[in-house]
There are 2 protein chains.
Amino acid sequence: MKVIFKIWLEENGVVAFSEGRKMLLEAIDRLGSLNAASKELGMSYRAAWGKVKATEKALGAKLLNVTTGGKGGGGAVLTQEAKELLSKYKKYKKRIAILTEKEFKRFFK
Amino acid sequence: MKVIFKIWLEENGVVAFSEGRKMLLEAIDRLGSLNAASKELGMSYRAAWGKVKATEKALGAKLLNVTTGGKGGGGAVLTQEAKELLSKYKKYKKRIAILTEKEFKRFFK
DNA sequence: ATTCATTATGTCATAAATGACATAACGATG
DNA sequence: CATCGTTATGTCATTTATGACATAATGAAT
């Protein structure tokens, strides 16, 4: 038997940040493109874009600096705010994972 | 902004115990009847029964001692194993809730 | 001005989870 | 041995979440 957990942030009752959005932002950061990120994650561009938009709305913050046109068609890079959110979330999640596992052993083994 | 989490136990990749099942077992324990418990929780008997059955299968353990017939038609009471599981889960969940909140304040405030 | 790969967005389809419906089986009680 | 409220279980419907499709807009580069 093992323990599984999901953790996310909410603002006014709607999801503001979660694991899926973390992965998406990471991919955008690495690839410089929302379109490329969506492909890498095996989801449609539409779905990826919707997640970014939903997060921005929930947080009232801009996550991406986007450009269109030119050779390559444009791209997207994370705002400073997005980078900070991503960093905090990752550290927090990691910490909770450790604690969850530690306590699980204490209670169930 | 606030943090939300869900935590559950899995055995061989399938859910073995979770918050909903906790509430169901608590209601059965209090009411002495799966049917009454399902009504209290606002779910169909079928759904409640399915949860119990799924849990028993996942854990390979018997959770309820059931009787049918007689005045009142029968009923269900928790086995010792179910009581122990319930107790452990509640304590564990409580502990994780405290830690999650504490760490949230530390990281995001 | 044309091109091109991107971002932007509305609408529709599909899948997965959840619950509802119907019906059988049970068995102590009277 | 008929009754009654419970447990037991298959099947069907509904809701909800997720992704797919289609199409427009953008704007630097050529």
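Just so we're clear, the structure is a prediction, and the values are computed from it rather than from any experiment. Each chain gets a letter, A, B and so on, in the order its sequence line appears, and its residues count up from 1.
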Fill in the blank from the handout: Between B/Gly73 and A/Gly75, whichever has its closest DNA chain C nucleotide further toward 5' is A/Gly75
Please give, in whole Å, the distance from [N] [atom2] to [X] [atom1]?
X       : N      : atom1 : atom2 : answer
B/Glu56 : D/dT7  : CD    : C1'   : 12 Å
B/Leu64 : D/dT9  : CG    : C1'   : 16 Å
B/Lys62 : D/dA8  : NZ    : C1'   : 14 Å
A/Glu19 : D/dT18 : CD    : C1'   : 18 Å
A/Asn65 : C/dT7  : CG    : C1'   : 13 Å

Sequence neighbours left out, what passes ring-ring contact (aromatic ring centres under 6.0 Å, His included) with [X]? Give chain and number order.
X       : result
B/Phe5  : none
A/Tyr92 : B/Phe107, B/Phe108
B/Tyr89 : B/Phe17

Exercise for the section: Return the set of residues passing side chain to side chain contact (heavy atoms under 4.5 Å, CB included) with B/Glu40 (not counting sequence neighbours), or none when no residue passes. Expected result: B/Ala27, B/Arg30, B/Leu31
Test of understanding: with salt bridge (Lys or Arg N to Asp or Glu O under 4.0 Å), list the residues that count as partners of [X], not counting sequence neighbours.
X       : value
A/Arg95 : B/Glu103
A/Lys62 : none
B/Lys51 : none
B/Lys91 : none

Distance-only donor-acceptor hits, side chain of residues 80-87 of chain B, under 3.5 Å, sequence neighbours excluded:
none

Practice task
List in numerical order all residues of residues 23-38 of chain B for which some heavy atom is under 4.0 Å away from an atom belonging to DNA chain D.
Solution key: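 Hits under 4.0 Å, by residue number: B/Ser33, B/Leu34, B/Asn35.
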Heteroatom pairs (N/O) under 3.5 angstrom, protein to nucleotides 12-23 of chain C:
from: C/dA20; atom 1: OP2; to: B/Ser44; atom 2: N; distance (Å): 3.2

Pairwise N/O distances under 3.5 Å, protein to nucleotides 28-30 of chain C:
from: C/dA28; atom 1: O4'; to: B/Gly70; atom 2: N; distance (Å): 3.4
from: C/dA28; atom 1: N3; to: B/Gly70; atom 2: N; distance (Å): 3.0

Practice task
Report yes if at least one side-chain N or O of A/Trp49 is closer than 4.0 Å to OP1 or OP2 of C/dA8; otherwise report no.
Solution key: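 For C/dA8, OP1 or OP2 has a side-chain N or O of A/Trp49 closer than 4.0 Å.
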Handout entry: A/Tyr45 reachable from A/Met43 in the ILVMFWY side-chain graph, under 4.5 Å edges
Key =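 Looking at the clustering, A/Tyr45 is in the same group as A/Met43.
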Practice task
Taking only Lys NZ, Arg NE, NH1 and NH2, and the carboxylate oxygens of Asp or Glu, determine whether A/Glu26 and A/Lys90 approach each other closer than 4.0 Å.
Solution key: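 Yes, A/Glu26 and A/Lys90 are salt-bridged.
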